[in-house]
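Every chain is numbered from 1, with letters handed out A, B, ... down the list of sequences. For the numbers below, each heavy atom of this structure counts, side chains included, while hydrogens, waters and symmetry mates do not.
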There are 2 protein chains.
Amino acid sequence: MSIAAALRFNPGDKVADIDTNATPGFDGSKSDAAPVQAERSERLAHLQELLFANNKAADDQRSVLLVLQGMDAAGKGGIVKHVVGAVNPMGVRYTSFGKPTEEELAHHYLWRIRRALPPAGHIGVFDRSHYEDVLIVRVHNLVPPDVWGARYDEINAFERELVDGGMTLVKVAMFISLDEQKKQLAERLDDPTKHWKYNPGDIDERLQWPKYQEAYQAMLDRTSTDYAPWHVVPSDRRWYSRLAVTELLITALEAMDLSWPPADFDIKAEKKRLAKA
Amino acid sequence: MSIAAALRFNPGDKVADIDTNATPGFDGSKSDAAPVQAERSERLAHLQELLFANNKAADDQRSVLLVLQGMDAAGKGGIVKHVVGAVNPMGVRYTSFGKPTEEELAHHYLWRIRRALPPAGHIGVFDRSHYEDVLIVRVHNLVPPDVWGARYDEINAFERELVDGGMTLVKVAMFISLDEQKKQLAERLDDPTKHWKYNPGDIDERLQWPKYQEAYQAMLDRTSTDYAPWHVVPSDRRWYSRLAVTELLITALEAMDLSWPPADFDIKAEKKRLAKA
């Protein structure tokens, strides 16, 4: 089975059963993965150029949106650096969603999300997203239950609108074990070049893991739709999660059936003009 | 002399005298440059991480803005792909400025520029910029001479404000010969995977080269300030222009004297908390 197919969340799947150390759809080791990653990164960069070119030359309105969710230290930053970093920055629109600002809080929770959507021909990357509004918001009761409870359907309707507008959503939930998270946070404490990545609040969130599991389960159950399914990426092995997200993006782009757009000008006539110019 | 020093525009320098095929500050060949480029790209990525880290952990408000100007096919896109592409997308804010939209035209010409400025801790990349408002606008008389004529001082005042706010501007004017431009445009016409990059309007602009030379000369003369100097990058050899812009960014970042920010939390206490969590 392909990596993308193996990672798709299916109704009934349980968060508690996720083997965070597994490598679904890939039989090899870390050293086997390295050359595969290099080759697949090139494939991804090629497909991104096709997406961009089709918008420029043929007004193709389609786009891709990668949504990254996961607990602290699950490796979202590594995906951005290594997977997104392999494609041309010209075609990427990256946004990190942190604690909402006052201005953001004064608007509907989807306001800041809509403003950050990728333009046609681009790959958008959401490092956290509107799903925080049913994750941290739910765990900490930042709004009443009937308010966050209504958001699952609202999000589905919002994403339906995006998909109808030509956007392909690649929704990725990265899962690490509590042990692996401890190891990662300890590294941030031990290494002075990683202190800036450490946030004491991460431990507070860690202590809420059972509540987060519930919130993730509800999120996956209620917002993994046919048109915008979730993918669950076991992320204890970072080399695997990077390869997996690369494959998910490639699968999304390949489904768009892209090829080089035909010239929208008269090639012969332009050659003549250029020769004389 | 370092590459950065060799490229600095000095009052009195003439655009007509630029040797677009030269490699100022670098004595080697293309194959000599390859390992240097690899090593310097890593250095740049490291410095960008320091800039980002200091904002996150120490609220350092500084930022960098790379401004790329040059005729069509001068290689701006290659700089974005290869030089900017070497740093973490998380810390980059890329904007391409094309023909202004109706909304943009309804505002002051610096309106769209201000909206695209990099946040603190980021490297902004302007692929074309406010300088189009004294280049294409001047060449085609899109506004009366007294209007574009006033813009040099306006731009200097604007950039003074940016620099006072903690931004380092790296202004790069890329120059290719008319022969090299013809070769590049011909390649776009010959190669079906490059047709999307070709724009018949490029030939119209090419025919205005003498007028553009005048406009570039005035731009360099009037807006190369102590606080935001221009650098002239000979760009017939793409391997050189990439190395040169890499060096210009490194020089700007090194002048910021960045090091890993100290922890803004009690490391020992956090280690204890983590052990128990």
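Side-chain N/O atoms of A/Gln37 and A/Ser41 include a donor and acceptor closer than 3.5 Å.
Atoms NZ and CD1, on B/Lys99 and B/Ile136 in that order, are 9.0 Å from each other to the nearest 0.5 Å. Atom OG of A/Ser177 sits about 9.5 Å away from atom CD of A/Gln184, to the nearest 0.5 Å.
Between chain A and the residues B/Gly85, B/Pro262, B/Ala186, B/Ala53, the most heavy-atom pairs under 4.5 angstrom are made by B/Ala53. Counting heavy-atom pairs under 4.5 Å between each of B/Ala86, B/Pro200, B/Ala263 and chain A puts B/Pro200 at the top. Note on A/Asn88, A/Ile267, A/Thr193, A/Leu207: by heavy-atom pairs under 4.5 Å with chain B, the leading option is A/Thr193.
Between B/Tyr240 and B/Asn21 there is no side-chain heavy-atom pair separated by less than 4.5 Å. Using a 4.5 Å heavy-atom threshold, the side chains of B/Ile113 and B/Phe97 count as touching. In this structure the side chain of A/Trp196 reaches within 4.5 angstrom of the side chain of B/Phe52, judged on heavy atoms.
Residue contact with chain A, scored on non-hydrogen atoms closer than 4.5 Å, involves the side chain of B/Asp127 exclusively. For B/Ala275, the part sitting under 4.5 Å from any heavy atom of chain A is the backbone (N, CA, C, O) and nothing else. The contact between B/Lys197 and chain A is made entirely by side chain atoms (from C-beta outward), counting heavy-atom distances below 4.5 Å. Only the backbone of A/Pro192 comes within less than 4.5 Å of a heavy atom in chain B; its side chain stays farther off. For chain A, no part of B/Ser96 is nearby; none of its heavy atoms comes within less than 4.5 Å. In this structure, the portion of B/Lys56 lying under 4.5 Å from any heavy atom of chain A is its side chain and not its backbone.
Between A/Glu180 and A/Lys183, at least one side-chain nitrogen of the basic residue sits less than 4.0 Å from a carboxylate oxygen of the acidic one, meeting the salt-bridge criterion.
Sorted by first then second residue, the salt bridge (Lys or Arg N to Asp or Glu O under 4.0 Å) pairs that include residues 259-277 of chain A, not counting sequence neighbours, are A/Glu270-A/Arg273, A/Lys271-B/Asp190, A/Arg273-B/Asp204.
Ring geometry, A/Tyr212 versus A/Tyr216: the interplanar angle falls from 30° to 60°, so the pair is classed tilted.
Using a 4.5 Å heavy-atom cut-off against chain A, the contacting residues of residues 67-81 of chain B are B/Gly77, B/Val80, B/Lys81.
Cation-pi geometry between A/Arg242 and A/Trp239 is not met at under 6.0 angstrom from the ring centre and within 45 degrees of the axis.
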